[in-house]
Amino acid sequence: MEDINLYTLLFLVLAGFIAAFIDSVVGGGGLISIPALLFTGISPSAALATNKLAGTMGSLTSTISFIRAGKVDFKFVIKLFPITVIGAALGAYVVHFVSAEVLKPLILILLVVVAIYTLVKKDWGKDAKYKGLTRKKMILLIVIIFAIGFYDGFLGPGTGSFLLFSLLIIGFDFVQAAGNARILNFGSNIAALIIFLSLGTVNFAYGIPMGLAMVAGALVGTNFAIKKGASYVRILFICVTILLIGKNVLNYFHVFYASYLRMILLKMAGDTNRIFGHFYIHFVKFKSQ
């Protein structure tokens, strides 16, 4: 295990605790934990893999807390758990061959739809209305959960929002949806982590301390959400979704600005070359006279 200084350790522990406090209920903790890992200087692929290690530890903790509080529908979740595991494992494998950039425009659009729908439906998710699903609706939900699992392994940020939204749509209240989503998210996390471990991209020196902090953050965050109820989870869900939208928009702005700056620099370099070429031609003519 590589050396890690005290300040880096404290930084990762603090970031991990805050990330898990949020992520344990509605997801979105990667907004904090992944940049924190990147700040230490490790590669983006190592940061994603290491975040999966820490996130899995936190996800397991929040899952146990929701189970103990009786906020998980096992009969319902057991049907979807293997689906999200398979999807995440496939996504984590495919990301090594296909750029994650291909999904980002679609993810931004979906996040905007989720945010608008939740803001407009003010009483949505306040009370549980789930009464079961028809065969066709269950098949559709399986396809959606598989796609979300694949996305979690492939890219990740926003997985909690999409899982929660999908379960709210079919009638669970915010707390029940959060509990069921945590189990599904744990499944996708563990599947992706196994793939990352097999590829040797996990940094244990950073992942284990951050993971232990996430265990504490998840424990506090989950219990707080269970006590506060659906209204608290709804507000947290909206805030995290809006932050995810903002992050994606800033990423696009950064890419656009970088491309524009590169174009200007190339133009300036071309103009400079022409000027020097012009002077060189005149200098050669002058020397030949």
So [Y] and [X], do their side chains get closer than 4.5 Å, heavy atoms only?
{"X": "Lys137", "Y": "Ile170", "answer": "no"}
{"X": "Met57", "Y": "Leu212", "answer": "yes"}
{"X": "Thr61", "Y": "Ser24", "answer": "no"}
{"X": "Phe74", "Y": "Ile67", "answer": "yes"}
{"X": "Thr241", "Y": "Phe165", "answer": "no"}

Would you mind listing every side-chain hydrogen bond (donor to acceptor under 3.5 Å, both in side chains) that reaches into residues 39-57, with sequence neighbours excluded?
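Applying side-chain hydrogen bond (donor to acceptor under 3.5 Å, both in side chains) to every pair that reaches into residues 39-57, excluding sequence neighbours, yields Ser33-Asn51, Ser43-Ser45, Lys52-Asp152, Lys52-Asn189.
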Out of curiosity, [X] [atom1] to [Y] [atom2], how far, rounded to the nearest 0.5 Å?
{"X": "Phe186", "Y": "Phe81", "atom1": "CZ", "atom2": "CZ", "answer": "6.0 Å"}
{"X": "Leu37", "Y": "Ile42", "atom1": "CG", "atom2": "CD1", "answer": "5.0 Å"}
{"X": "Lys228", "Y": "Leu236", "atom1": "NZ", "atom2": "CG", "answer": "13.0 Å"}
{"X": "Ser62", "Y": "Asn223", "atom1": "OG", "atom2": "CG", "answer": "10.5 Å"}
{"X": "Ser231", "Y": "Arg234", "atom1": "OG", "atom2": "CZ", "answer": "9.5 Å"}

Please identify each residue that fulfils side chain to side chain contact (heavy atoms under 4.5 Å, CB included) with [X], with sequence neighbours left out.
{"X": "Ala177", "answer": "Leu164, Leu167, Leu168, Phe172"}
{"X": "Ile139", "answer": "Arg135"}
{"X": "Leu140", "answer": "Ile144"}
{"X": "Leu38", "answer": "Ile34, Pro44, Ala47"}

Walk me through it: do Phe204 and Leu197 pass the test side-chain contact (heavy atoms from CB on, under 4.5 Å)?
CA-CA 10 Å; Phe204 291 97; Leu197 287 170; 3.5 Å; yes
Of all heavy-atom pairs between [X] and [Y], which one has the smallest distance, and what is that distance?
{"X": "Pro209", "Y": "Leu9", "answer": "CB-CD1, 3.3 Å"}
{"X": "Ala19", "Y": "Gly29", "answer": "CB-O, 3.4 Å"}
{"X": "Leu133", "Y": "Met138", "answer": "CD1-SD, 3.7 Å"}
{"X": "Ile32", "Y": "Ala15", "answer": "CG2-O, 3.6 Å"}
{"X": "Ile148", "Y": "Ser166", "answer": "CD1-OG, 3.5 Å"}
{"X": "Asp73", "Y": "Asn180", "answer": "N-OD1, 2.9 Å"}

Return the set of residues passing ring-ring contact (aromatic ring centres under 6.0 Å, His included) with Phe66 (not counting sequence neighbours), or none when no residue passes.
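Counting only residues at least two positions away or on another chain, Phe66 forms no ring-ring contact (aromatic ring centres under 6.0 Å, His included).
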By the salt bridge (Lys or Arg N to Asp or Glu O under 4.0 Å) test, which pairs, at least two apart or in different chains, include something from [range]?
{"range": "residues 23-32", "answer": "Asp23-Arg182"}
{"range": "residues 167-176", "answer": "none"}
{"range": "residues 155-166", "answer": "none"}

Using a cut-off of 6.0 Å, state whether more than 12 heavy atoms not belonging to Tyr93 lie near its atom OH.
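Atom OH in Tyr93 is not crowded, with 12 or fewer foreign heavy atoms closer than 6.0 Å.
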Please evaluate residues Ile190 and Leu60 with respect to the criterion side-chain contact (heavy atoms from CB on, under 4.5 Å), reporting the C-alpha separation (whole Å), side-chain torsions for both, the decisive distance (0.1 Å), and the verdict.
CA-CA 9 Å; Ile190 198 70; Leu60 175 60; over 6 Å; no
Can you list every ring-ring contact (aromatic ring centres under 6.0 Å, His included) pair that touches residues 28-47, not counting sequence neighbours?
Phe11-Phe39
State plainly whether one hydrophobic cluster holds both [X] and [Y], where clusters connect Ile, Leu, Val, Met, Phe, Trp and Tyr through side-chain heavy atoms under 4.5 angstrom apart.
{"X": "Leu184", "Y": "Ile83", "result": "yes"}
{"X": "Val113", "Y": "Leu243", "result": "no"}
{"X": "Ile235", "Y": "Leu31", "result": "no"}
{"X": "Tyr151", "Y": "Ile195", "result": "no"}
{"X": "Phe162", "Y": "Ile245", "result": "yes"}

Steps toward side-chain contact (heavy atoms from CB on, under 4.5 Å) verdict (Phe196, Leu53)
CA-CA 9 Å; Phe196 286 134; Leu53 171 61; over 6 Å; no
With respect to Phe150, which candidate in Thr84, Ile86, Ile145, Leu90 satisfies the side-chain contact (heavy atoms from CB on, under 4.5 Å) definition?
Leu90
Which donor-acceptor pairs under 3.5 Å do the side chains of residues 213-221 make with protein atoms, sequence neighbours left out?
none

My understanding is that a hydrophobic cluster links ILVMFWY residues whose side chain heavy atoms are under 4.5 Å apart, including indirect links. Using that, what else belongs to the cluster containing Ile78?
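Cluster partners of Ile78: none, it stands alone.
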